[in-house]
There are 2 protein chains.
Amino acid sequence: MDNINLEIPDLLRRHFPFLRESSLQKEIALVGAIHHFKEGEILMNFGSYIKSVPLLVKGAIKVVREDDVDGKELLLYFLHAGQTCSMSFSCCMMNKKSDIRTTVEDDATLIAIPIKYVDEWMGKYSSWKNFVMQSYDSRMREMVRTIDSIAFRKMDERLLEYLYQKSKVHQSKILFATHQEIADDLNASREAISRLLKKLENSNRVRLERNKIHIL
Amino acid sequence: MDNINLEIPDLLRRHFPFLRESSLQKEIALVGAIHHFKEGEILMNFGSYIKSVPLLVKGAIKVVREDDVDGKELLLYFLHAGQTCSMSFSCCMMNKKSDIRTTVEDDATLIAIPIKYVDEWMGKYSSWKNFVMQSYDSRMREMVRTIDSIAFRKMDERLLEYLYQKSKVHQSKILFATHQEIADDLNASREAISRLLKKLENSNRVRLERNKIHIL
DNA sequence: GAAGTTCTGTGATGCAAATCACAATGTAAA
DNA sequence: TTTACATTGTGATTTGCATCACAGAACTTC
């Protein structure tokens with residue numbers, strides 16, 4: 001009778017198979033809203049409060065940290081379909097401001113859940129509780145990987161890893177990005193990235209074009 | 001009648017005031033075990049499975065990441081009384097191996113909770129659920145701060161911040177550490193740290209002795 | 001107190017990457 | 001088509017640390 005969204009159970013079945021309790025699915029269908037976003041849109045910016053938590057069903061989201069002092073950036077990780085932003089969890093549950101910025105990396109579809117339910121369902125549905133814990137866990141691990149990368153790896157390795165990740169995110173061997181954008185994500189200088197890319201091209205690992213990188 | 005630990009309710013009251021549900025306190029007193037550890041002891045090492053989660057009631061714990069490749073280290077953060085290791089949460093709930101090493105930074109007393117209860121209580125006690133979520137949240141924030149520090153700050157700033165943190169942890173203006181130990185925590189070379197400390201001494205920010213640093 | 005060990009201080013050199021400075025090239029706008 | 005702008009390429013210089021190489025100081029052990 002209510003404004004149940006009939007698409008949602010199907011989306012959940014396909015992308016969040018662990019959330020299988022049917023009463024939970026019904027609740028999500030009742031209160032969740034499907035949204036579409038285009039590449040480049042900003043979902044959440046620094047210092048903003050969050051009012052809903054996104055279940056990503058299509059596309060990819062980029063999570064970035066920005067330095068308070070001189071505005072330099074650093075990519076933290078990408079989110080894929082079937083994942084959610086645990087940062088949002090903590091932000092909304094503690095009602096704190098966001099530390100990070102999330103933008104759409106690849107045209108995205110998501111189910112937005114108003115924050116009040118995130119907490120409510122934790123006690124009510126064990127699959128939801130597990131899902132939330134699982135998200136925290138994987139995000140934590142991503143953060144540790146990011147730390148490894150900036151603390152222990154040199155730029156050439158980091159760049160390769162980045163290209164590899166980005167290729168997975170877009171499911172394509174052709175990446176559309178300028179050297180400057182890559183440099184921003186890696187918190188490096190554009191010149192350094194240009195030179196390293198040129199080296200990769202010389203060793204036949206990539207082919208470079210304006211705004212485009214072919215991974216070989 | 002059972003082996004209830006009578007010290008525990010009092011410890012909880014003093015250090016974990018948010019865990020105030022009396023039935024939860026009773027359960028903790030029933031299944032929790034008090035342990036004491038001396039400075040320098042290793043609580044958890046890389047690759048080990050965790051069988052219990054620690055509620056820290058006294059002292060401090062250091063959480064360190066080690067590089068898989070060449071064994072270099074990096075301090076992630078310190079835990080203080082009233083906190084717990086959310087890494088343990090995720091590790092034990094997902095039954096995964098540990099990514100990190102935790103050692104005792106300052107003689108510690110903790111209540112060890114067998115992991116099975118961590119999950120069980122999440123659905124049963126809202127104060128416990130909130131505590132767990134809160135822990136995840138603050139650990140997440142610590143990680144972001146760590147990332148900020150290594151990505152955006154130079155060694156001199158990082159060193160100052162480190163000395164400041166360590167002074168808080170030990171509640172003392174006199175730190176006992178060798179330059180090598182500091183270098184390890186910051187993933188730097190001993191010589192670099194020696195030189196930066198000497199600079200700080202010349203500008204009257206610290207006074208140096210063998211194995212000892214006075215913060216002025 | 002002599003000998004060995006662990007720390008600390010400091011120079012010299014090397015290297016990855018930032019920064020500065022332009023030229024060249026490709027693309028969109030007028 | 002010419003102009004304007006964004007992107008890429010590349011040299012020169014600087015900087016922040018790592019690394020190497022010792023020497024001296026301060027503790028420990030015998």
Side-chain angles (χ1 to χ4, degrees), chain A residues 40 66-67 69-75 147-163 166 174-215, chain B residues 40 66-67 69-75 147-163 166 174-215:
Chain A
E66 185 173 316
D67 182 25
V69 185
D70 42 10
K72 291 192 288 183
E73 291 186 13
L74 179 73
L75 170 69
I147 288 177
D148 276 3
S149 153
I150 50 180
F152 303 130
R153 308 275 150 257
K154 273 186 290 171
M155 211 32 108
D156 52 351
E157 271 188 89
R158 291 181 57 203
L159 175 59
L160 264 176
E161 170 68 20
Y162 173 86
L163 295 175
K166 193 139 171 148
I174 303 175
L175 307 181
F176 296 85
T178 66
H179 299 180
Q180 185 63 63
E181 281 162 10
I182 298 173
D184 287 345
D185 281 350
L186 294 173
N187 186 38
S189 73
R190 199 267 312 159
E191 295 92 324
I193 298 302
S194 283
R195 284 188 245 259
L196 290 173
L197 282 172
K198 185 92 327 208
K199 252 201 234 169
L200 287 178
E201 185 171 48
N202 290 335
S203 57
N204 286 312
R205 319 270 264 119
V206 302
R207 207 177 75 240
L208 302 177
E209 272 178 70
R210 191 188 168 96
N211 299 321
K212 210 184 284 181
I213 298 171
H214 300 253
I215 299 186
Chain B
E66 184 173 316
D67 183 25
V69 186
D70 42 10
K72 291 192 287 181
E73 293 187 13
L74 179 72
L75 170 70
I147 288 177
D148 275 3
S149 153
I150 50 179
F152 303 130
R153 308 276 151 255
K154 274 186 291 170
M155 211 34 103
D156 52 351
E157 271 187 271
R158 290 181 58 204
L159 176 60
L160 264 176
E161 171 67 20
Y162 173 86
L163 295 174
K166 192 138 172 150
I174 304 176
L175 308 180
F176 296 86
T178 67
H179 299 181
Q180 185 63 63
E181 281 161 10
I182 298 173
D184 288 345
D185 281 350
L186 294 173
N187 185 38
S189 72
R190 199 266 313 160
E191 297 90 324
I193 298 302
S194 285
R195 284 186 245 261
L196 289 174
L197 281 172
K198 183 91 332 206
K199 253 201 234 170
L200 288 178
E201 186 171 48
N202 291 336
S203 56
N204 286 310
R205 317 271 264 120
V206 302
R207 207 178 74 241
L208 302 177
E209 273 177 71
R210 190 188 167 95
N211 298 322
K212 212 184 282 183
I213 299 172
H214 301 252
I215 299 187

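We name chains A, B, ... by the order of the sequence lines, and we start the count at 1 in each one. The structure displayed is predicted, hence computed values, not measured ones.
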Margin query: When you compare the side chain of A:Leu200 with that of A:Leu159, does any pair of heavy atoms fall below 4.5 Å?
Written below: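 Side-chain contact under 4.5 Å: yes.
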
Note to self: Using side-chain heavy atoms (C-beta onward) and a distance below 4.5 Å, is A:Leu186 in contact with A:Leu75?
What the structure shows: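 No, side chains not in contact.
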
Report the distance from atom [atom1] of [X] to atom [atom2] of [N], rounded to the nearest whole Å.
X: A:Leu208; N: C:dG26; atom1: CG; atom2: P; answer: 13 Å
X: A:Arg153; N: C:dA16; atom1: CZ; atom2: P; answer: 15 Å
X: B:Asn202; N: C:dG9; atom1: CG; atom2: P; answer: 10 Å
X: B:Arg190; N: C:dG11; atom1: CZ; atom2: C1'; answer: 13 Å
X: A:Leu197; N: C:dA17; atom1: CG; atom2: C1'; answer: 15 Å
X: A:Lys154; N: C:dA16; atom1: NZ; atom2: P; answer: 5 Å
X: A:Arg195; N: C:dA21; atom1: CZ; atom2: C1'; answer: 11 Å
X: A:Asp184; N: C:dA18; atom1: CG; atom2: P; answer: 12 Å

Notebook entry, point to check: Given C:dT19, C:dA21, C:dT8, which nucleotide is nearest the side-chain atoms of B:His179?
Noted result: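 Of C:dT19, C:dA21, C:dT8, C:dT8 is nearest to the side chain of B:His179.
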
Next item on the list: Return yes if the base of C:dC7 and the side-chain atoms of B:Gln180 contain a donor-acceptor N/O pair under 3.5 Å, otherwise no.
Entry: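 Looking at the base of C:dC7, it does not pair with any donor or acceptor on the side chain of B:Gln180 (distance under 3.5 Å).
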
Check: Just by modelled atom types, is the A:Asp184 backbone N or O under 3.5 Å from a matching donor or acceptor in the A:Glu73 side chain?
Finding: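 No; judged by distance alone, with no hydrogens or angles, the pair does not exist.
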
Notebook entry, point to check: Can you tell me if B:Asn187 uses its side chain to pair, donor with acceptor, with the backbone of A:Ala151 under 3.5 Å?
Noted result: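 Checked: pair present.
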
Notebook entry, point to check: Does B:Ala188 or A:Lys198 map to a spot on DNA chain D nearer the 5' end, using the closest nucleotide for each?
Noted result: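 Mapping each residue to its closest nucleotide by heavy atoms, the 5'-most match is A:Lys198.
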
Next item on the list: Could you tell me whether A:Arg158 and A:Glu161 make a salt bridge, using a distance below 4.0 angstrom between a side-chain N and a carboxylate O?
Entry: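 No.
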
Notebook entry, point to check: Is the shortest distance from a Lys or Arg side-chain nitrogen in A:Arg153 or B:Asp67 to a carboxylate oxygen in the other one below 4.0 Å?
Noted result: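 Salt bridge flag = yes for B:Asp67 with A:Arg153.
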
Next item on the list: On DNA chain D, reading 5' to 3', which nucleotide is the first and which the last to sit with an atom under 4.0 Å from a heavy atom of chain B, could you check?
Entry: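 Contacts span D:dG16 to D:dC27, reading 5' to 3'.
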
Check: Base, sugar-phosphate, or nothing: which does A:Asp156 touch, judged by heavy atoms less than 4.0 Å apart?
Finding: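 No contact.
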
Check: So what does B:Thr178 touch, heavy atoms closer than 4.0 Å: a base, only the sugar-phosphate, or nothing?
Finding: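 Counting heavy atoms under 4.0 Å across all strands, the contact made by B:Thr178 is with sugar-phosphate only.
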
Notebook entry, point to check: Taking it one step at a time, do B:Arg207 and B:Glu209 satisfy salt bridge (charged side-chain N to carboxylate O under 4.0 Å, His left out)?
Noted result: CA-CA 7 Å; B:Arg207 207 178 74 241; B:Glu209 273 177 71; 3.6 Å; yes

Check: Which residue lies toward the 5' end of DNA chain C, A:Arg210 or B:Ala177, if each is placed at its nearest nucleotide?
Finding: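 Result of the comparison: B:Ala177.
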
Next item on the list: By nearest nucleotide on DNA chain C, pick out whichever of A:Asn211 and B:Lys212 is the more 5' one.
Entry: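 By nearest-heavy-atom nucleotide position, the 5'-most residue is B:Lys212.
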
